[in-house]
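Every number for a ligand or one of its atoms is a count from 1 in the order of the listing. Predicted model only: the values in this text are computed from it and were never measured.
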Amino acid sequence: MSRRDPARDPARDAAHDAARDAAPAGVRYPHLFAPLAVGAHRLRNRIAHASMTTRMSVNRRVTEPLIQYYANRARGGAGLIVTEPVSAARFQQAPQKVRVWDPESEAGLARWAQAVEREDCRLLAQIQDPGRGRHERGRNPEAVGASALPDDLSWTVPHVLSIGDIERMIVDFADSSRRLQRCGFSGVELSAAHGHLFHQFLSPWMNIREDRYGGDVEGRCRLLCELLDAIRSACGSEFMLGLKLPGDDGIEGSIAAAQAAAIARLLNATGQVDYLCFAQGSHAASLDRHLPDLHGPRAPYVALTQTLKDAVPGVPLMALGLITDPAEADGILARGAADLIGLGRALVTDPAWGMKASRGREADIRYCVSCNSCWAAITEHRALACDNNPRVGLADEVDWWPALRAQRKRVVIVGTGIAGMEAAWIAAARGHEVIAFGEGIELGGKTRLLTALPGGEGLSSIYDYQALAGKKAGLRLELGVRAAPADVRALAPDVVIVACGAAMAWPHGFPIAWREDGLVPDLRACMAQLRKVTQRQSGTAVLFDMDATEGTYASAEYLRRLFDRVVIVTPRDRIAEDVPLVNRLGILRRFAKLKIDVMTLASIDADSSLEDGVLRVRHVYGGALEDIVNVVLLTYATPRAPDLAAIEAFASCAPEFHVIGDAYAPGSTMAATAHGHRIGNLI
Ligand SMILES: Cc1cc2nc3c(=O)[nH]c(=O)nc-3n(C[C@H](O)[C@H](O)[C@H](O)COP(=O)(O)O)c2cc1C
């Protein structure tokens with residue numbers, strides 16, 4: 001139920017609730033909502049929340065926001081939840097992880113378990129250690145590992161665990177499992193994937209030990225076998241034991257599909273494993289496989305999971321990786337490729353994913369756009385956050401619908417990009433009369449341009465949801481109208497919100513004559529033009545990059561489809577610096593494949609020239625000049641700047657005035673939806 005203002009009009013209240021709940025009777029996904037026996041437990045459905053770090057614990061303790069986050073995913077329909085990794089051995093001191101080995105955590109753990117389990121959802125804590133592979137920059141002096149070999153990304157050489165260290169760790173993990181059980185957890189998941197400690201023991205690339213924990217596959221699996229036995233002995237047969245394993249870690253000489261099958265077979269033969277799950281990639285150049293995005297196919301790892309199924313008959317298998325759609329999930333189960341559906345990012349974006357799917361309300365789901373901003377947030381030490389869910393972690397997050405305002409206002413919004421639309425649908429659902437003007441005939445603003453680029457299609461989910469919610473709430477859209485202040489004033493609004501975005505600024509230092517000639521377009525204008533071009537163009541396209549965000553590189557890929565050669569020129573020492581590392585590695589991989597050239601530390605300035613197809617660029621530090629030949633297109637991606645005068649012209653149109661999104665301060669997709677969300681709720 002939504003919160004309400006005290007002055008209530010029952011008819012308006014009823015219409016408000018009906019707007020949210022109205023949905024056609026739909027397909028119910030029989031496979032997804034079939035119960036499943038896992039170990040001694042019976043899950044109510046096949047929806048499993050995959051482990052994700054939330055950074056919602058404080059001082060190593062369970063917090064209310066943390067409990068709320070998980071309880072909401074349970075309330076929203078998950079049948080099984082795997083928590084973020086906890087500190088289960090005494091050497092684990094990470095500040096962002098709940099300290100399970102400490103008896104003082106018990107009260108919090110019990111509240112956490114109760115909040116989830118009472119929703120008929122089984123709660124498992126994830127036990128792992130990052131070992132040498134922490135998703136953070138720089139060397140990690142606290143890292144432990146199988147062998148004194150450098151991590152593939154940070155080159156951290158870990159402290160090698162002695163046999164005594166390993167034995168103590170196993171005892172600690174078993175004791176902590178017992179504590180979790182006492183506190184009401186149904187089980188634990190051991191994560192031996194993603195290049196973390198247990199994975200490091202399994203891999204011949206990372207484990208060159210000569211004692212009983214190294215050597216052949218049996219030796220490399222011994223740590224996990226002993227751990228499974230120890231936890232089972234401590235907690236008994238009722239306690240659920242899940243295992244996340246590498247399916248194919250993408251490192252030469254490490255764990256490809258055949259080794260993964262051998263490892264899974266051996267571990268499953270212990271008879272202690274209640275379910276299995278395979279992840280891809282490692283903490284290495286293959287890290288991008290950790291979180292597949294839409295540059296590749298949907299659900300890309302299901303085929304491999306299905307292949308590995310033969311190695312582990314009889315044990316429930318969880319499919320994982322870019323599964324976002326209920327029909328897709330149901331299909332995977334229907335064809336027997338897996339028994340459970342692991343959802344990571346999809347449940348960050350919409351905790352009520354399962355509930356909505358079960359009620360035929362799949363159109364109401366806010367879908368994951370696989371931007372990986374969630375991952376960027378946690379690796380930058382912020383709490384989990386989402387581009388398409390501005391309410392992550394709030395108490396009322398499940399199937400949230402705005403509360404009605406007693407006083408109805410007339411609200412005019414200028415701009416139907418994602419910031420404007422977020423404010424618009426919320427204001428309308430709050431009972432205001434809302435009219436939104438969009439200059440283009442389609443809504444979504446600049447985000448829509450991104451959806452036409454490689455890997456961008458998922459972004460449409462942001463404005464698709466907003467449009468649908470707006471429609472239900474009675475939002476009036478005036479598209480294809482460039483509203484002038486006089487048009488807005490004529491509507492006598494109580495509130496005006498300007499969300500007209502910002503334009504890429506002329507690159508500082510570019511010869512001004514190029515602008516006067518109009519020969520050098522910004523990247524957005526360029527891509528809008530090129531959308532209509534299908535024929536290949538001979539010659540070189542040069543993209544001057546002072547942006548470092550995802551859209552620039554997706555544009556480069558698009559340009560490469562059309563032009564013989566694409567060169568990115570950037571004054572920075574590397575590209576894609578502002579993109580989450582998982583995505584950045586994907587960009588580098590595709591650039592190598594597509595042969596997109598990158599010139600770093602190169603500037604285009606007063607010493608530069610563009611004559612007869614020769615572009616002269618200058619080294620930022622050394623000053624040396626270099627020519628790029630056969631240039632037929634020069635475009636730029638730069639920090640955006642709003643048109644302040646145009647914005648200010650609307651200030652006097654209404655007593656209440658807001659500027660949001662890029663028009664306020666150019667920022668990320670997440671910043672735009674969050675700002676629109678906040679202002680929509682304010683008025
Ligand atoms: C923000 C974030 C944090 C994650 N943290 C963990 C983790 O701590 N342990 C783990 O095993 N997997 C972690 N993962 C990986 C997920 O469990 C899952 O394997 C991955 O997200 C692919 O599933 P998806 O495509 O449904 O998101 C994380 C993923 C995300 C997006």
All ring pair (Phe, Tyr, Trp, His ring centres under 6.0 Å) counterparts of Y465, not counting sequence neighbours: W425
Using only atom types and a distance under 3.5 Å, with no angle test, would you say the side chain of R73 pairs donor to acceptor with the backbone of V348? yes
For the residue pair W400 and H677, does the interplanar ring angle fall in the parallel (under 30°), tilted (30 to 60°) or perpendicular (over 60°) class? tilted
Taking only residues two or more places apart in sequence, or in another chain, which ones meet R345 in a salt bridge (charged side-chain N to carboxylate O under 4.0 Å, His left out)? none
Do R590 and Y553 have side chains that approach each other closer than 4.5 Å (heavy atoms only, starting at C-beta)? no
Which residues satisfy the ring pair (Phe, Tyr, Trp, His ring centres under 6.0 Å) test with W112, sequence neighbours excluded? Y70, F185
Below 4.0 Å from any atom of ligand 1, which residues have a heavy atom? Give them in chain and number order, please. A50, S51, M52, T53, P85, Q126, S191, H194, K244, H290, L291, L320, G321, L322, L343, G344, R345, C374, W375, I378, L384
